[in-house]
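Both backbone and side-chain heavy atoms feed into the values below; hydrogens, waters and symmetry mates do not.
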Amino acid sequence: VTGVLTTTAATVFNGGFASNAASTITTADNTDTLSLISTDADANDGPNLRLYRNSSSPADSDQLANIHFAGENSASQIVSYAEIEAYAMDVTDGTEDGNLNINTMVSGTGTSRIKATIAETVINDDSADLDFRVESNGNANMLFVDGGTNRVGIGTSSPASALHAKQVGNGTSSTYAATIENPTAT
């Protein structure tokens, strides 16, 4: 087909489909707008979604792809409420490195939540007043970092000092809030 293809019914392609221009898929309800379905019965992965930046001149720090999760605000403006960014930090053959960032909107500002770089994984790289919490099977605040007070709690969501370990259990002498053990010399 050359030109515009307009149809009001489902269109089935019995072969592959390629487009060399931007495309938009619109639906007026909450059905899946795009489904990738694999009917392959083997143990390999599928379906697969590949975001491929096919550059004729790849360079270090190229942004590879962005996935934006957007909606409108109360002023009918389109806002990217969350995004996933991917970068090729080093494109040299044999030493390739990549970065992945997860950002969300916080009080009207795009804010880094997780950044996986070449050397580290960083939570809250923008130094926002955001707390970090890890749950265990029996404690909702097994590890708690208070972003506003710069304190760390173990077993508590309101640490009273730079490091606050709250005793867990029935309070018997065999239950300790913290144990610091020095290895014996060999």
A.B. asks: Under 3.5 Å, which donor-acceptor pairs do the side chains of residues 123-130 form with other protein atoms, sequence neighbours left out?
C.D. replies:
from, atom 1, to, atom 2, distance (Å)
Asn124, OD1, Ala128, N, 3.0
Asn124, ND2, Ala128, O, 2.7
Asp125, OD2, Lys115, NZ, 3.1
Asp126, OD2, Ser112, N, 2.7
Asp129, OD1, Gly148, N, 2.9

A.B. asks: Give the cluster check for Val134 versus Val152: same hydrophobic cluster or not, with ILVMFWY residues linked at side-chain heavy-atom distances below 4.5 Å.
C.D. replies: yes
A.B. asks: Looking only at non-hydrogen atoms, find the nearest pair between Ser23 and Ser19 and report the distance.
C.D. replies: OG-OG, 3.3 Å
A.B. asks: Scan for salt bridge (charged side-chain N to carboxylate O under 4.0 Å, His left out) pairs involving residues 78-103, sequence neighbours excluded, and state none if there are none.
C.D. replies: none
A.B. asks: NZ/Lys166 to OG/Ser157 distance, rounded to the nearest 0.5 angstrom?
C.D. replies: 8.0 Å
A.B. asks: In chain order, what residues pass the side chain to side chain donor-acceptor pair (under 3.5 Å) check against Gln77, with sequence neighbours excluded?
C.D. replies: Asn73
A.B. asks: If I compare all heavy atoms of Ser38 with all of Gly46, which pair ends up nearest, and what's the gap?
C.D. replies: CB-C, 3.8 Å
A.B. asks: Are Leu64 and Leu100 in one and the same hydrophobic cluster, where Ile, Leu, Val, Met, Phe, Trp and Tyr link if side-chain heavy atoms are under 4.5 Å apart?
C.D. replies: no
A.B. asks: From Ile84 CD1 over to Asn101 CG, what is the distance, rounded to the nearest 0.5 angstrom?
C.D. replies: 10.5 Å
A.B. asks: Counting N and O atoms only, with roles assigned by atom type, does the side chain of Asn139 sit under 3.5 Å from a partner on the main chain of Asn141, one being a donor and the other an acceptor?
C.D. replies: yes
A.B. asks: Linking I/L/V/M/F/W/Y whenever any side-chain heavy atoms sit under 4.5 Å apart, do Val106 and Ile102 land together?
C.D. replies: no
A.B. asks: Do you know which two heavy atoms are closest between Asp62 and Ser57, and how far apart they sit?
C.D. replies: OD2-O, 4.3 Å
A.B. asks: Please step through side chain to side chain contact (heavy atoms under 4.5 Å, CB included) for the pair Ile25 and Thr27, ending with a clear verdict.
C.D. replies: CA-CA 7 Å; Ile25 301 170; Thr27 183; over 6 Å; no
A.B. asks: So, His68 and Ser80: side-chain donor and acceptor under 3.5 Å apart, yes or no?
C.D. replies: yes
A.B. asks: Measuring from atom OG1 of Thr104 to atom CD1 of Ile114, what distance do you get when rounded to the nearest 0.5 angstrom?
C.D. replies: 9.5 Å
A.B. asks: Is it the case that one hydrophobic cluster holds both Leu49 and Tyr52, taking links as side-chain heavy atoms less than 4.5 Å apart, direct or via other members?
C.D. replies: no
A.B. asks: Please determine whether residues Ile78 and Phe69 belong to a single hydrophobic cluster, defined as Ile, Leu, Val, Met, Phe, Trp and Tyr linked transitively by side-chain heavy-atom distances below 4.5 Å.
C.D. replies: no
A.B. asks: Under a single-linkage rule joining Ile, Leu, Val, Met, Phe, Trp and Tyr whose side-chain heavy atoms are separated by less than 4.5 Å, which residues share a cluster with Met105?
C.D. replies: Val79, Tyr81
A.B. asks: Roughly how far, to the nearest 0.5 Å, is OG of Ser136 from CG of Leu143?
C.D. replies: 10.5 Å
A.B. asks: For a side chain to side chain contact (heavy atoms under 4.5 Å, CB included) check, start with the C-alpha distance between Asp60 and Val91, then their side-chain angles and the critical distance, and finish with the verdict.
C.D. replies: CA-CA 6 Å; Asp60 291 352; Val91 298; 3.5 Å; yes
A.B. asks: Please check: side-chain N/O of Arg53 versus main-chain N/O of Gln63, any donor-acceptor pairing under 3.5 Å?
C.D. replies: yes
A.B. asks: Between Thr156 and Gly153, is there a donor-acceptor pair closer than 3.5 Å when you use the side chain of the first and the backbone of the second?
C.D. replies: no
A.B. asks: List the residues meeting side-chain contact (heavy atoms from CB on, under 4.5 Å) with Ser61, not counting sequence neighbours, and say none if there are none.
C.D. replies: Met89
A.B. asks: Crowded around Asp29 CG? As in, over 12 foreign heavy atoms under 6.0 Å?
C.D. replies: yes
A.B. asks: Which pairs with one or both residues in residues 131-156 pass salt bridge (charged side-chain N to carboxylate O under 4.0 Å, His left out), sequence neighbours excluded?
C.D. replies: Arg133-Glu135
